[in-house]
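In what follows, a single structure is set out as structure tokens and then discussed.
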Amino acid sequence: MAPSSKRSSGRALCVLSNRLPFTVQRNRGRLERKPSTGGLVKALEPALRKRGGTWIGWPGVELRRGERIGSSKDPYKVVPVSLSETEVARYYHGFSNGTLWPLFHSLPARAHFDRRDWITYEKVNVRFAEAAAASALESELVWVHDYHLMLSPHHLREAAPDARLAFFLHIPFPPWDLFRLLPWDRDLLRGLLACDLVGFHVDGYVQNFLDCVEKRLGARVDRAAGLVDYGGRVVKAGAFPLGIDFDMFEESAQSAPQPKSHGAERVILGVDRLDYTKGIPQRIRGLERLLELHPRHRGGVVLLQLAVPSRSQVSDYRDLKREIDELVGRVNGRFATDTWSPIRYLYRTVPLDRLTAMYRDADVALVTPLRDGMNLVAKEFVACQVDDPGVLVLSELAGAASTMREALQVNPYNIDETAEAMHRALTMDETERRSRMGALRRRERRDNVHAWVSHFLDESRADTGELTPLTDEEIGSWLTSYLQSYRVSLFLDYDGTLTPLVDHPSKARLSDEIRQTIAHLAKRDDTEVAIISGRALADVRELVDLPGLTYAGNHGLEVEAPDLPPFRHEDAEHYHHRVVELAEALDEVCSGGAWVEPKGHTLTWHYRAVRGDAGALLEHARQIIEGSGFQAREAHKALEARPPIGWDKGRAVLHVLRARYGPGWPEQARVIYVGDDHTDEDAFRQLAGMAMTFRVGPAETLTAARRRLANVDAVAAVLSWLAKRPVAGA
Ligand code: GDG
């Protein structure tokens, strides 16, 4: 966690969201601001206005050079992120609304996966992070919102490592089986895990997220506490059900103009953006079914459906509009009389006081999305029930259903059930209506948007906490069914895996505990232990100094084992003298604390002691290494120069396994590989599907390993579990 002294103790917030709290339009060459509608803005505006800070977002129009949209009257700073037309097409309509929106709403068949959209999404997310970097350290918290910006926290963390970062997702987080369809699933998870706090509307989404993190990234998860250990950094995930500005809606409903006459018709109200997740066609079919099943409502009930135009550039949305137009026409045509039509359909936005009057005067609100993160319409309806209380019919697939228990809940795909719920709502006696609505109103008044913001900010300030130490049960759950009663072939990297990283390799010593555990493992008849290191073989053998082990040095170019003939990669021999020449050539990048470690066939240039930005030096060293005919590979604060002979730790492991057990080795032994470095990734990839692989240490990069271990202590726990396990075949 970042030290609190580095953060401002003020209450300023930095908010990142796709949209600014207003849309900018160009009218006869002049920029005009129009307040945005929609749940997100309604929730955040009051919070930022009160606390001050910065709001970073897309203004909705391409700004010309020098054009400003902020005003000195703004109660907080407004920073626009300008997007080109192509970027809007790919990042916004493409990846955000064409890929993530349908997939996260459990409608995968509507999602399209286009790499070019993804690339633009990443580019735009980087731009948002850059725009926020300056405000990040001055703010108590950088609060990133919604599915458009899931990668920004990762880039922001790189730019401002000490900033306090939080994310809130306004839509559902899908179950693992759907999330995994996304070709870039790991990148999105890594993006969110750069935060200190990740919030969702309801616990079901939190659990889905934790599932995905565990299964896809191999990170440790504490479900009860909602904690993730991602490479030693602890991230909290929690449920924060969004509320509304209850008092504002209530007051507006009280003061909104009363209808001229109270007609005899009972009103069933639907209010939605015109979106395929909102279940509008199903709702119209529900009304049709109501009129079939209960003819007494013919002539007496009307469905007032307000559909706000949305995303009309996207063909799915245009198709939906056509489908609704046709359905409304068909149902009206079927049941209408010369004095009554069952559906009144408004395709437009209406002003707030008109909306709150509609809520107030409705007998029933029909809120039946096929999936919805939360759904604020349900809550707004409740807040506006200031007169004779109406009844809320609510989809059980909306996040709101998890708290609004007193609503009549329905499966929106079940047309008959929806029709019966409408009937029940229309015929419910006043006592029941009062008690249901009373309970709903009390809860929404209490859990309003101000309480939500305070709760989220309090949680973002609190210590994240620690995961419980790794237990034997947990390690057993990873390994028991994989190992069964096979022999175990264990490959362990040395630096950073068995010993913590230190400022000079000569100081990296094994703890007594780990040395004893390895000695114990090596004595077991059913276990072979190999130490595989980038160090020279003689060096690593001397450091570990235990008999009965296999030692592989120089990333596997040289191998010694008690039961195998010694191995030296023959092509590597030619590089011996060239390593000496390269070491001399690297002299010119050995200033300011950088130094060279020649290792026979390979060489390491270390720069961990260089102060400040080592970027230019690193680039220069890379050029020298590659110019001398070696491969340059990144390691921890170091560059490895290796002969370009297509040999790495992965190939060395396969060499040992084949030499020891024959070509059918997968049937002879179960392989476990533990490493912390870029060079171990070669082994993780090579062994994919054929080993249990662990990546140790900070989660700087995405890994090909199956699981992550936080640090050397976690490695020690795994080794100790292996040493204690029952003997194979006993
Ligand atoms: C996303 C998630 C989550 C609608 N028509 C008019 C109008 N509205 C306002 C409503 C309400 C808002 O739009 C819609 O909010 P929802 O929550 O129902 O849905 P999304 O826009 O999909 O929002 C959702 C939300 O984010 C917040 O996290 O609840 O699940 O999908 O506030 O009042 N407002 C006015 N005139 C209209 O014609 N004035």
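For ligands, and for the atoms within them, numbers begin at 1 and follow the listed sequence.
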Completion exercise
Counting from 1 in the order shown, the ligand 1 atoms closer than 4.0 Å to a non-hydrogen atom of Leu355 are 7 (C), 33 (O), 34 (N), 35 (C)
Exercise for the section: Go through the steps to decide whether Arg33 and Asp74 satisfy the test salt bridge (Lys or Arg N to Asp or Glu O under 4.0 Å), and finish with yes or no. Expected result: CA-CA 12 Å; Arg33 283 163 50 156; Asp74 286 332; 2.7 Å; yes
Handout entry: Structural part of Tyr359 in contact with ligand 1, heavy atom criterion under 4.0 angstrom
Key = side chain
Handout entry: Polar side chain donor-acceptor pair, Asp187 to Trp118, under 3.5 angstrom
Key = no
Practice task
Anything under 30° is parallel, anything over 60° is perpendicular, the rest tilted; go ahead and classify Tyr359 against Phe381.
Solution key: perpendicular
Handout entry: N or O contact, Thr349 vs ligand 1, cut-off under 3.5 Å
Key = no
Practice task
Return yes or no for this condition: an N or O of Asn375 is under 3.5 Å from an N or O of ligand 1.
Solution key: yes
Exercise for the section: Consider ligand 1: state whether an atom of it lies below 4.0 angstrom from any non-hydrogen atom of Arg354. Expected result: no
Completion exercise
Counting from 1 in the order shown, the ligand 1 atoms closer than 4.0 Å to a non-hydrogen atom of Gly373 are 30 (O)
Problem - Greater than 12 external heavy atoms within 6.0 Å of Arg354's CZ - result: no
Practice task
Check the angle between the aromatic planes of His201 and Phe168 and answer parallel, tilted or perpendicular using the 30° and 60° thresholds.
Solution key: perpendicular
Exercise for the section: Go through the steps to decide whether Trp58 and Tyr92 satisfy the test ring pair (Phe, Tyr, Trp, His ring centres under 6.0 Å), and finish with yes or no. Expected result: CA-CA 10 Å; Trp58 172 45; Tyr92 181 64; 5.3 Å; yes
Problem - Atoms in ligand 1 flagged as close to Leu242, the criterion being non-hydrogen separation under 4.0 Å - result: 27 (C), 28 (O)
Exercise for the section: Give the ring-plane orientation class for Tyr91 versus Phe128, where under 30° counts as parallel, over 60° as perpendicular and anything between as tilted. Expected result: tilted
Problem - Under 3.5 Å side-chain donor-acceptor pair for Asp372 and Asn375 - result: yes
Problem - Inter- and intrachain pairs under side chain to side chain donor-acceptor pair (under 3.5 Å), touching residues 382-403, at least two apart - result: Asp388-Arg433
Handout entry: Subset of ligand 1 atoms that lie under 4.0 Å from at least one heavy atom of Val377
Key = 18 (O)
Completion exercise
One finds that the ligand 1 atoms under 4.0 Å from a non-hydrogen atom of Lys278 are 18 (O), 19 (O), 20 (P), 22 (O)
Exercise for the section: Using non-hydrogen atoms of the residue, decide whether Phe381 is closer than 4.0 angstrom to ligand 1. Expected result: no
Fill in the blank from the handout: Closest to atom 30 (O) of ligand 1 by heavy-atom distance, out of Leu306, Asp372, Leu44, is Asp372
Fill in the blank from the handout: Heavy-atom proximity to atom 6 (C) of ligand 1 ranks first, among Leu376, Val308, Asp353, for Val308
Fill in the blank from the handout: Paired with Asp316, the side chain to side chain contact (heavy atoms under 4.5 Å, CB included) test is passed by just one of Arg110, Lys321, His112, namely Arg110
Fill in the blank from the handout: Judged by heavy atoms only, the candidate from Thr277, Val350, Val271 nearest atom 38 (O) of ligand 1 is Val350
Practice task
Give yes or no for whether the N/O distance cutoff of 3.5 Å, strictly under, is met between Met374 and ligand 1.
Solution key: yes
Exercise for the section: Could you tell me whether ligand 1 has any atom less than 4.0 Å away from a heavy atom of Trp101? Expected result: yes
Fill in the blank from the handout: Within the 4.0 Å heavy-atom cut-off, what Met358 brings close to ligand 1 is neither
